[in-house]
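Here is how names work: the chains are called A, B, and so on, in the same order as the sequence lines, proteins then strands, and each is numbered from 1.
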There are 2 protein chains.
Amino acid sequence: MDPLDSPSSRPNARLTTRASPQGIAADLVAVLVAVTSGEPRVLTIQDQRALPSGPFELAHRSLQSGLRAWVERQTRLPLGYVEQLYTFADRDRAGTAAQHAISISYLGLTREQPAFGEHEARWRGWYDYFPWEDHRVGPPPLMEQTLRPGLKAWISVAPDRAAQRARRQRAEILFGLDEHSWNEELVLQRYELLYEARLIPEATRGNAPTPISANAVLLDTLGHPMILDHRRILATGIARLRAKIKYHPVVFELMPDTFTLLQLQRCVEALAGRQVHKPNFRRLIEQQELVEETGETSQDTGGRPAKLFRFRRTVFAERAIAGTKLPISGA
Amino acid sequence: MDPLDSPSSRPNARLTTRASPQGIAADLVAVLVAVTSGEPRVLTIQDQRALPSGPFELAHRSLQSGLRAWVERQTRLPLGYVEQLYTFADRDRAGTAAQHAISISYLGLTREQPAFGEHEARWRGWYDYFPWEDHRVGPPPLMEQTLRPGLKAWISVAPDRAAQRARRQRAEILFGLDEHSWNEELVLQRYELLYEARLIPEATRGNAPTPISANAVLLDTLGHPMILDHRRILATGIARLRAKIKYHPVVFELMPDTFTLLQLQRCVEALAGRQVHKPNFRRLIEQQELVEETGETSQDTGGRPAKLFRFRRTVFAERAIAGTKLPISGA
DNA sequence: AGACTTATACTCGATTACAGTATAACATGT
DNA sequence: ACATGTTATACTGTAATCGAGTATAAGTCT
């Protein structure tokens, strides 16, 4: 029976703007991203099993400024870019502890920072949580060894032939199997599928006692789990960022003041989880006049010294509105 | 002074996931869209000055299902597509009544429906609220007559030369002035600018006694106002929908079961607020195999009878994932 | 000096975007 | 019956862009 029809839902709810009488708690959850030495990292707490979060204060002027406030106070990180991700309230996902809570999640970009030990906050590579998302050196072996058998099992236990075909098609598109090409933006959809298929630990927590393929070894290799639905929120953040860097100059928020074009490229590759074509990347960056030469060169390249560039903050205003283009070859 | 540093904000907020002790109210606000006889319409209440909204029920399984539940119960509209827009809590914007409320806004698409009088819910063309957004027959005269003088005044009262140039550039890009081309997706940014410039009534409500250009006649022509920040939410919905139809087959949620290609085109044009190139539109629709012929024709075209088409729901699954393309030419 | 690594510049082909034009099949008016 | 207007449908051409490949320059390392 649909829980929406349960007697506890008020039958005389009106189309008015009157606020709900009973209060609920609202938490701000942050996906803070930095790219350190070519690896995308995310700030975690609680033994790397949770994203930093804090209560929404009524004193805050807005949600975004509220988030900015406590993040900068707690971590001393300068937040270059902040964007709201999604608001969650699924009881299914939240476990038992936070049933009456709403989670408003945010994506925040910051520069490389000194380690900050307070509150046991630590940076961790985001591919530790999503090992199947890193295709920079081709599809990871995990996909053939672990993912494909797991998906195959999930497909085979579908109720009927039509459902099996639907599951197979969905899995093939999302994970780029067979003739389908890998689409790096479908991070959230892939996580949702693995959740549905009970292939990740979070899905078998609480309400589902016997998963379809309760293979402990299999589950262990599919990335580090997190509390509540934090891994889902992280997936949302990665997906949003991967989509955003293609038409918005937010990558520069993650870069140091001066950088070489290859460093910039490596940063984009780290985020996108795939390689980009070097000549085309350089062409697009330069022809859009997003960067300017500093006149100096970097000699710790191992080869020919590379020109150092600096982001042209003057064009940020227009580009932020009008958009940018980054070449991340898809198919 | 920044309100974030006010003494009422808790200085010892921690990086934990503990919920906030005091509760706050959460409202669901819906932007319900239908396209009736070539006009995009939105469902309104309270004498067309508010969007339908309702309290978030703890009994609901999730936010989205909560919204679906009360919308379908109250309006009897079949919601084809539902998507979360944004969560607002700005005290500045919310006026005085709803300071402690969070608004979680959703976009919902529905088919043409019989008029539904209950709760004084009425459909209204969304260009009544954003007259400057309709460029289907070229830039509306309102732009030259009202908008440009208003923007000019706003630019001229900037503190210094640099700020003036920044304002001018921003206005030119957003409103497609001079050499800049019109970008139909920047609905929210345009509204934000007009709000900043105090050119719309909501901006001068409450905290701002004397607006820069308190020209009542000018203000009156810049669209129908709404309560609280509902017009901003509507702008968010329009912007999201305009962006979405380009790569996601959601238009069909707004169409009747069978339709001609021109009807489909008119629907897209109504949403995008601009004309599209007919041959290219047809080519893209057909080559993507999104539709199939019903075999019948429609003869109330005035000219040659048009083939009737039907959306191929079978490809929806893959297209919803892999994406689609609609040609909306942006210079 | 030679091998190697990286930076930088240039070229080429395929695809796509965008615009224009031509013809077909109806309605309406005279 | 015929001209005219309107819409549907099909086809063609051009410019821009994307993706991939190649060549050369300028350093480091052994």
Side-chain angles (χ1 to χ4, degrees), chain A residues 38 135 138 181-184 245-247 258-269 272 274-310 322-331, chain B residues 37-38 138 181-184 245-247 258-269 272 274-310 322-331:
Chain A
H135 286 233
S181 60
W182 175 258
N183 184 342
E184 74 280 350
I245 53 174
K246 290 182 185 169
Y247 57 92
T258 65
F259 47 85
T260 71
L261 289 184
L262 187 59
Q263 282 175 329
L264 183 64
Q265 182 184 340
R266 292 281 178 254
C267 180
V268 169
E269 288 176 336
R274 69 189 305 166
Q275 283 190 309
V276 305
H277 191 71
K278 194 199 275 195
N280 293 344
F281 181 81
R282 301 172 63 91
R283 181 177 50 179
L284 251 73
I285 293 293
E286 291 186 312
Q287 84 184 11
Q288 288 183 114
E289 298 180 314
L290 290 169
V291 296
E292 61 187 2
E293 301 183 14
T294 65
E296 300 172 16
T297 58
S298 165
Q299 269 160 356
D300 36 43
T301 56
R304 169 175 168 176
K307 288 179 188 165
L308 279 174
F309 291 85
R310 156 190 330 123
T324 318
K325 274 177 191 167
L326 281 189
I328 297 174
S329 58
Chain B
S37 61
S181 61
W182 174 258
N183 184 342
E184 74 282 349
I245 53 174
K246 290 183 186 169
Y247 58 92
T258 64
F259 47 85
T260 70
L261 288 185
L262 187 59
Q263 282 176 330
L264 183 64
Q265 183 184 339
R266 293 284 178 253
C267 180
V268 170
E269 288 175 338
R274 66 189 307 168
Q275 282 190 309
V276 306
H277 191 70
K278 195 199 273 194
N280 294 343
F281 180 81
R282 302 172 62 92
R283 182 172 43 134
L284 251 73
I285 294 294
E286 291 186 310
Q287 84 184 12
Q288 286 184 116
E289 298 179 316
L290 289 170
V291 296
E292 61 187 2
E293 301 182 13
T294 65
E296 299 172 17
T297 57
S298 165
Q299 269 161 354
D300 36 43
T301 56
R304 169 174 168 176
K307 289 180 189 167
L308 280 173
F309 290 85
R310 161 193 320 126
T324 317
K325 274 176 192 168
L326 282 190
I328 297 174
S329 59

> Round to a whole Å and report the spacing from CD of B:Gln275 to P of C:dC18.
15 Å

> In whole angstrom, what separates B:Glu286's CD from D:dT9's P?
8 Å

> Starting from the 5' end of DNA chain D, give me the residue, A:Leu284 or B:Phe309, whose nearest nucleotide shows up first.
B:Phe309

> If I take atom CD in residue A:Gln265 and atom C1' in nucleotide C:dT6, what distance separates them, rounded to the nearest angstrom?
12 Å

> Any chance you could lay out the side-chain contact (heavy atoms from CB on, under 4.5 Å) test for A:Phe259 and A:Val291, step after step, and finish with the verdict?
CA-CA 10 Å; A:Phe259 47 85; A:Val291 296; 4.0 Å; yes

> Using heavy-atom distances to pick each residue's nearest nucleotide on DNA chain D, tell me which of B:Arg283 and B:Pro279 is more 5'.
B:Pro279

> Under 4.5 Å between any side-chain heavy atoms of B:Trp182 and B:Arg274, yes or no?
yes

> Please state whether the base of D:dA8 and the side chain of B:Arg304 form at least one donor-acceptor pair under 3.5 Å?
yes

> Checking all strands, does A:Lys307 fall into the base, sugar-phosphate, or nothing category for heavy-atom contacts under 4.0 angstrom?
sugar-phosphate

> Please report the distance, rounded to the nearest Å, between NZ in B:Lys278 and P in D:dT7.
7 Å

> Where the side chain of B:Thr294 meets the backbone of B:Leu308, is there a donor-acceptor pair that is under 3.5 Å apart?
yes

> Closest approach to the side chain of A:Thr260, judged atom by atom: which nucleotide of D:dA10, D:dG21, C:dA7 is it?
C:dA7

> Whole angstroms only, please: what is the CZ-P distance between B:Phe281 and D:dT9?
13 Å

> Look at atom CD of B:Glu292 and say whether more than 12 heavy atoms of other residues, nucleotides or ligands are closer to it than 6.0 Å.
yes

> So, are B:Glu184 and B:Lys246 salt-bridged, with charged N and O less than 4.0 Å apart?
yes

> Which one, D:dA8, D:dA26, D:dG21, comes nearest to the side chain of B:Arg282?
D:dA8

> Between D:dT9, C:dT8, C:dG20, which nucleotide has the shortest distance from any of its atoms to the side chain of A:Ala306?
C:dT8

> Can you work out whether A:Leu262 or B:Gln287 has the more 5'-proximal nearest nucleotide on DNA chain C?
A:Leu262

> Can you tell me the distance, in whole Å, between the CD atom of A:Gln288 and the P atom of D:dT17?
11 Å

> May I have the distance from B:Arg274 (atom CZ) to C:dA19 (atom C1'), rounded to whole angstrom?
15 Å

> Could you check how far CG of A:Asn280 sits from C1' of D:dT17, rounded to whole Å?
10 Å

